[in-house]
Amino acid sequence: MEEKYNEYEQIRREKLAKLRELGADPFGQRFDNTESLSVIKSRYNPENEEQTVRGAGRIVLHRDIGKLIFITLRDWTGNLQIGLSKQWLGDQWEVAKLLDLGDIVGMEGKLGRTKTGEITVWVTSFKLLCKATLPPPEKWHGLQDVELRYRQRYVDLFTNPEVMATFRDRSAIVQSIREFLTRRGFQEVETPMMQSIAGGAAAKPFITHHNTLDMDLYLRIAPELYLKRLLVGGMEKVFEVNRNFRNEGISTRHNPEFTMCEVYQAYADYRVMMDLMEELVCTLVQQRSQDMKLEFNGKTIEYRQPWARKTYAELFAEHVGCPMEQIGEVRQKARQLGIGEATKDDSVVVNEVFESCVEEKLIHPTFVLDYPAILCPLTKRKTGNPAIAERFELFVSGMEIANAYTELNDPEIQEQNFRVQLRGQEETEAVMDSDFVTALKYGMPPAGGLGFGIDRLVMLLTNSASIRDVILFPLMRPGSHV
RNA sequence: GGGGGUGUAGCUCAGUCGGUAGAGCAGCGGCCUUUUAAGCCGUUGGUCGUGGGUUCGAGUCCCACCGCCCUCACCA
């Protein structure tokens, strides 16, 4: 198939041939014994300007002033200026003159400074490691087009250092979470991503098909029911960090695939998980803020402990203005809010009013506890009050960050809750996970369970307004641009 | 799915009342051995998202469609 090259590509492809004539491989080989550019920079010592250093990176700025070329190299630790002089390079000078923005080079030289004080590697030899045949975006503004940034994240990463920083942060956060839990004796496990029954949450699943078994499978919407099977099996403290898939709307807070951390601890309850969550997040905040305050969406969030802990009913009365039990008033409020309440159950109306009146008010970390039991089919009821479930959600900046409960371990109630849930669901999803009920019949210790979305937590910790800014390759429709 | 916004050179962006398509960066040619978004001189580059329509004439007005962003709805 004949390919069409634009002006830039054509010119750079011509340079490939020139480079080969000069004996330079435009798509070079391994380049060993390098140090990162920021380390090289930090090694500068005015007492010793003869240190030999070796590094590699991409050309992000290029100033050719004739017989001397200044280049700013970038690797994922930072930028470093190098100077290439005709006087020092001999045969390689011809190659140096063919270097372009975007090329990747390895170099060796003496670490010194220019007369204006810029730390600079005076290059004694270099190797072209990869010729870029497409030009990078504009050097000052970088890549701004949001669509292109998501579709061509590889360009976004090397042109916009703050994007690289966000994803390095994300990686560090996930690592810290693993360390935090592992240090407390939790064991990381992996449970099925492909499930024959999509359980553990109420979301629309993605469907896929196994050819040999000739059966449909669901990409999981939650790992919960498998992790609790492990509690039955005798694993006492487990967690899993992995993807969930939900076939629902996309927004600044929702991506169809997202990363979830779920944690289960035998012999605990939701209050234990509340303490665990508070400590975990504070540990993460502490690693990036001296005063336990972080900016998010233009607001300063105060993470200093202790965090607010309020019941669902308290918050309802406080922000809606009437007790949740007074269903007549609640329904009136719902109508004011434009919620079509007529055909809905009381509990659903109450919850919708709660979601639209209360959640957005919870800016600083707030645990909302003791939800109406009807909303919580997998949760143990409060002792002495079967209408209330031992469940909490954590809100920060109006965003649901975590969801946790004392796990229901009574197989009879569980089966009953499943049956209630099945009513009113579509046929494809209406399958009872009877094996899970069987597991409970063998006996699951009382336990606390906790789930939190890694992506949203990373948003908070990195002050990212959209979930797409913390997911390397957010889902996009196939585009025609690229 | 509804509402609002947006799409112009490789990138970042202007484009007035409907009247020959613009700048900066990048590129190409030239000068330059200490530049800092290097500078100076010259210069190439366009299916104005796509398809229709109105008009003597459309980047601009109208209709439809496509992508993206925001928002609402949906969302245990």
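Order of the sequence lines fixes the chain letters, A, B, ..., with proteins taken first and strands second; residue numbering starts at 1 for each chain. Side-chain atoms are counted along with the backbone in the values below, which use heavy atoms only and exclude waters and symmetry mates.
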B:G22 and B:G3, which share atom name C1', separated by this distance in whole Å: 34 Å
Base partner of B:G29, which must satisfy Watson-Crick or wobble distances under 3.5 Å: B:C41
Nucleotide nearest A:Leu61 (side chain, heavy atoms from C-beta), chosen from B:A37, B:C70, B:U33: B:A37
Separation of atom CD in A:Glu147 from atom P in B:U6, rounded to whole Å: 16 Å
Aromatic ring pairing A:Phe367/A:Phe392, orientation class (parallel under 30°, perpendicular over 60°, tilted between): perpendicular
A:Phe316 and A:Phe354 aromatic ring geometry - parallel, tilted or perpendicular at 30°/60° bounds: parallel
Sugar-phosphate, base or nothing in reach of A:Gly83, heavy atoms under 4.0 Å: nothing
Sugar-phosphate only, base, or nothing, as touched by A:Trp122 at under 4.0 Å among non-hydrogen atoms: base
Sugar-phosphate, base or nothing in reach of A:Ile69, heavy atoms under 4.0 Å: nothing
hbond_proxy A:His141 side chain to B:C11 base (donor-acceptor, 3.5 Å cutoff): no
Strand partner of B:G67, provided both Watson-Crick or wobble distances fall under 3.5 Å: B:U6
Pairing partner (Watson-Crick or G-U wobble, both distances under 3.5 angstrom) of B:G1: B:C72
Electrostatic pair A:Arg243-A:Glu257, nearest N-O below 4.0 angstrom: yes
NZ/NE/NH1/NH2 to OD/OE distance under 4.0 Å, A:Glu147 and A:Arg151: yes
For the student: nearest non-hydrogen atoms of A:Glu248 and A:Ala202, plus distance: OE2-O, 4.2 Å
B:A23: pairing nucleotide in any strand, Watson-Crick or G-U under 3.5 angstrom: B:U12
N or O in side chain of A:Arg63 less than 4.0 angstrom from B:A37 OP1/OP2: no
C1'-based separation of B:G57 from B:C68 [nearest Å]: 32 Å
Interatomic distance, A:Asp156 CG vs B:C69 P [rounded to whole Å]: 13 Å
Short side-chain N/O contact to B:G67 OP1/OP2 from A:Arg477, under 4.0 Å: yes
Sugar-phosphate only, base, or nothing, as touched by A:Asp64 at under 4.0 Å among non-hydrogen atoms: base
Touch class at under 4.0 angstrom, heavy-atom based, for A:Arg113 against every strand present: nothing
Residues in side-chain contact (heavy atoms from CB on, under 4.5 Å) contact with A:Ile59, at least two apart in sequence or another chain: A:His62, A:Ile71, A:Leu73, A:Leu99, A:Leu101, A:Asp103, A:Val105
Under-3.5 Å donor-acceptor pair between A:Thr116 side chain and B:U34 base: no
Strand partner of B:G59, provided both Watson-Crick or wobble distances fall under 3.5 Å: none
Test salt bridge (charged side-chain N to carboxylate O under 4.0 Å, His left out) applied to A:Lys382 and A:Asp370, step by step: CA-CA 8 Å; A:Lys382 223 170 169 61; A:Asp370 297 349; 3.4 Å; yes
Rounded interatomic separation in angstrom, taking CD1 from A:Ile65 and C1' from B:C41: 18 Å
Whole-Å distance separating the CD1 atom of A:Ile119 from the C1' atom of B:U35: 16 Å
Touch class at under 4.0 angstrom, heavy-atom based, for A:Tyr371 against every strand present: nothing
Integer-rounded Å distance: B:C75 C1' and A:His254 NE2: 6 Å
Strand partner of B:C17, provided both Watson-Crick or wobble distances fall under 3.5 Å: none
Inter-nucleotide P distance (B:G30, B:C70), Å rounded: 47 Å
Touch class at under 4.0 angstrom, heavy-atom based, for A:Thr252 against every strand present: sugar-phosphate
A:Leu337 CG - B:A73 C1' separation (whole Å): 14 Å
Touch class at under 4.0 angstrom, heavy-atom based, for A:Arg468 against every strand present: sugar-phosphate
Rounded distance in Å - CZ (A:Arg253) to C1' (B:C72): 14 Å
hbond_proxy A:Gln81 side chain to B:U35 base (donor-acceptor, 3.5 Å cutoff): yes
Atom P, compared across B:G51 and B:C17: separation rounded to whole Å: 27 Å
Rounded distance in Å between the C1' positions of B:U16 and B:A21: 15 Å
Nearest listed nucleotide, side chain of A:Ser85, among B:U12, B:U33, B:C11: B:U33
Ion pair A:Lys18/A:Glu14, N-O distance below 4.0 Å: no
Any donor-acceptor pair under 3.5 Å from A:Thr366 side chain to A:Phe395 backbone: no
Sugar-phosphate only, base, or nothing, as touched by A:Glu248 at under 4.0 Å among non-hydrogen atoms: sugar-phosphate
Between B:G67 and B:U50 - C1' atom distance, rounded Å: 11 Å
Side-chain N,O (A:Lys67) to OP1/OP2 (B:U33) below 4.0 Å: yes
Whole-Å P distance, B:A23 and B:G18: 24 Å
Rounded interatomic separation in angstrom, taking CD from A:Gln10 and P from B:U44: 18 Å
Nearest-nucleotide 5' precedence on RNA chain B, A:Gln144 against A:Glu400: A:Gln144
Pairing of A:Arg54 and A:Glu108 as salt bridge, 4.0 angstrom limit: yes
Nucleic acid footprint by protein, nucleotides 25-30 of chain B - heavy-atom cut-off 4.0 Å, B for base, S for sugar-phosphate alone: BBSS--
Separation of the P atoms in B:C61 and B:G45, to the nearest angstrom: 28 Å
Donor-acceptor under 3.5 Å (A:Thr120 side chain, A:Trp122 main chain): no
